[in-house]
*Asks:* 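Here's a structure for you.
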Amino acid sequence: MATKEMEVVKGLDLQKYMGRWYEIASFPSRNQPKDGIDTRATYTLKDDSTVHVLNETFSGGKRGFIEGTAYKADPSSDEAKLKVKFYVPPFLPIIPVVGDYWVLYVDDDYQYALVGQPSKKYLWILCRQNHMDEEIYNQLVKMAEDVGYDVKKLHKTRHTDPPPEGDEAPKDKGVWWLKSIFGK
């Protein structure tokens, strides 16, 4: 079966997209601990129209995180093709790592989203809540499959109820990144 061409959201309202998103499912990444739970991202629009990115996960009962900056790949385009830049290692940020962050779908109320990138090596299903209706989840999986993602690689992220609270800066900066290098 032929796959559709990957399209991205046009006219993404960055202001509405800001805030906390919970990772419902993703392709496993060597940049995240295998035992990570309650994974979430918090986006904050800055005065220069870039976005502060705070990615967090909990591993072994401890909060780990990495911070970065997102920006439009082409400022003159209305397509939701962003670049995200992180510096590694997080505890001594010296090496910039830039990746694609393409918003493939977001619902009208900005409550759930499908995010990928052109190589199709990474895929995220995000939601404003730490859980998602199975019917919506299946629709998003189908959208990803239709544009050529190998959805068998999707891994659902475990979340606790209630989710961890707090917006304070995590204390163990960089530990999850360092652990991920060693496959933990």
Side-chain angles (χ1 to χ4, degrees), residues 12 14-46 49-73 80-104 106 110-117 119-132 140 144 153-160 162-184:
L12 181 73
L14 268 182
Q15 193 64 46
K16 284 175 70 173
Y17 198 78
M18 296 300 98
R20 179 164 289 161
W21 290 89
Y22 292 91
E23 179 187 278
I24 301 302
S26 67
F27 282 0
S29 164
R30 65 183 177 97
N31 300 319
Q32 284 185 255
K34 290 182 171 100
D35 67 343
I37 64 169
D38 292 315
T39 304
R40 61 194 183 191
T42 305
Y43 305 123
T44 308
L45 192 60
K46 298 181 347 187
S49 297
T50 63
V51 176
H52 174 261
V53 177
L54 172 63
N55 287 344
E56 301 171 276
T57 196
F58 292 77
S59 175
K62 293 186 179 180
R63 175 191 268 167
F65 80 108
I66 191 166
E67 294 179 281
T69 301
Y71 53 92
K72 288 192 78 166
K81 292 181 179 178
L82 298 134
K83 294 282 188 186
V84 181
K85 184 185 332 183
F86 296 101
Y87 285 90
V88 295
F91 49 85
L92 181 63
I94 54 174
I95 303 166
V97 176
V98 179
D100 292 299
Y101 182 104
W102 288 14
V103 182
L104 306 177
V106 65
Y110 285 65
Q111 295 301 301
Y112 47 90
L114 181 65
V115 177
Q117 39 88 272
S119 74
K120 299 181 181 145
K121 289 181 182 175
Y122 299 100
L123 181 68
W124 296 270
I125 294 177
L126 306 176
C127 186
R128 296 292 189 174
Q129 306 295 317
N130 69 350
H131 58 277
M132 178 182 280
L140 294 172
K153 294 192 305 187
L154 266 174
H155 170 76
K156 283 194 173 181
T157 304
R158 190 167 76 78
H159 289 277
T160 58
E165 290 302 322
D167 292 319
E168 71 280 355
K171 293 176 180 55
D172 56 350
K173 185 173 188 173
V175 172
W176 74 317
W177 181 85
L178 191 59
K179 284 173 61 178
S180 70
I181 289 175
F182 300 105
K184 304 256 183 202

*Asks:* At their closest point, which heavy atom of Y87 faces which heavy atom of I94, and how far apart are they?
*Replies:* CD2-C, 4.3 Å
*Asks:* Do the non-hydrogen side-chain atoms of H155 and K34 ever get within less than 4.5 Å of each other?
*Replies:*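 A side-chain contact under 4.5 Å is absent here.
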*Asks:* Please report the interatomic distance CE(M18) to OG1(T42), rounded to the nearest 0.5 Å.
*Replies:*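 If I round to the nearest 0.5 Å, the distance is 10.5 Å.
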*Asks:* Please report the interatomic distance CH2(W21) to CD(Q111), rounded to the nearest 0.5 Å.
*Replies:*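 W21 CH2 to Q111 CD: 6.5 Å, rounded to 0.5 Å.
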*Asks:* First locate atom OG1 of T57, then atom CZ of F65, and finally report the distance between them rounded to the nearest 0.5 Å.
*Replies:*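 Here the interatomic distance stands at 13.0 Å.
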*Asks:* From the options P163, P162, P164, select the one residue that forms a side-chain contact (heavy atoms from CB on, under 4.5 Å) with N130.
*Replies:*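 It is P163; the other options fail the test.
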*Asks:* Run the numbers on W102 and L82 for side chain to side chain contact (heavy atoms under 4.5 Å, CB included), then give the verdict.
*Replies:* CA-CA 6 Å; W102 288 14; L82 298 134; over 6 Å; no
*Asks:* Over 60° means perpendicular and under 30° means parallel, so tell me whether Y17 and Y43 are parallel, tilted or perpendicular.
*Replies:* parallel
*Asks:* For F86 and E67, which heavy atoms make the closest approach, and how far apart are they?
*Replies:*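 Closest heavy-atom pair between F86 and E67: CD2-O, 3.3 Å.
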*Asks:* According to ring pair (Phe, Tyr, Trp, His ring centres under 6.0 Å), who are the partners of Y22, at least two apart in sequence or on a separate chain?
*Replies:*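 For Y22 the ring pair (Phe, Tyr, Trp, His ring centres under 6.0 Å) partners, ignoring immediate neighbours, are H159.
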*Asks:* From D100 CG over to Y122 OH, what is the distance, rounded to the nearest 0.5 angstrom?
*Replies:* 11.0 Å
*Asks:* If you take all heavy atoms of V53 and T69, which pair is closest and at what distance?
*Replies:* CG2-C, 4.3 Å
*Asks:* Might you point out which heavy atoms bring R128 and K16 nearest each other, and give the distance in Å?
*Replies:* NH2-O, 2.7 Å
*Asks:* Within this structure, what is the CG-CD1 distance for the pair L114 and I24, rounded to the nearest 0.5 Å?
*Replies:* 12.5 Å
*Asks:* Which atom pair, heavy atoms only, marks the closest approach of S49 to L14?
*Replies:* O-CD1, 4.5 Å
*Asks:* List the steps, then state whether side chain to side chain contact (heavy atoms under 4.5 Å, CB included) holds for Y71 with K46.
*Replies:* CA-CA 10 Å; Y71 53 92; K46 298 181 347 187; over 6 Å; no
*Asks:* From the options T157, L140, V115, select the one residue that forms a side-chain contact (heavy atoms from CB on, under 4.5 Å) with W124.
*Replies:*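 Answer to the side-chain contact (heavy atoms from CB on, under 4.5 Å) test with W124 among T157, L140, V115: V115.
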*Asks:* So how far is it from K153 NZ to S26 OG, rounded to the nearest 0.5 Å?
*Replies:* 11.0 Å
*Asks:* Which residues pass the salt bridge (charged side-chain N to carboxylate O under 4.0 Å, His left out) test with K156, sequence neighbours left out?
*Replies:* E134
*Asks:* Determine the minimum heavy-atom distance between A144 and L123, stating which atoms define it.
*Replies:*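 That would be CB-CD2, 3.7 Å.
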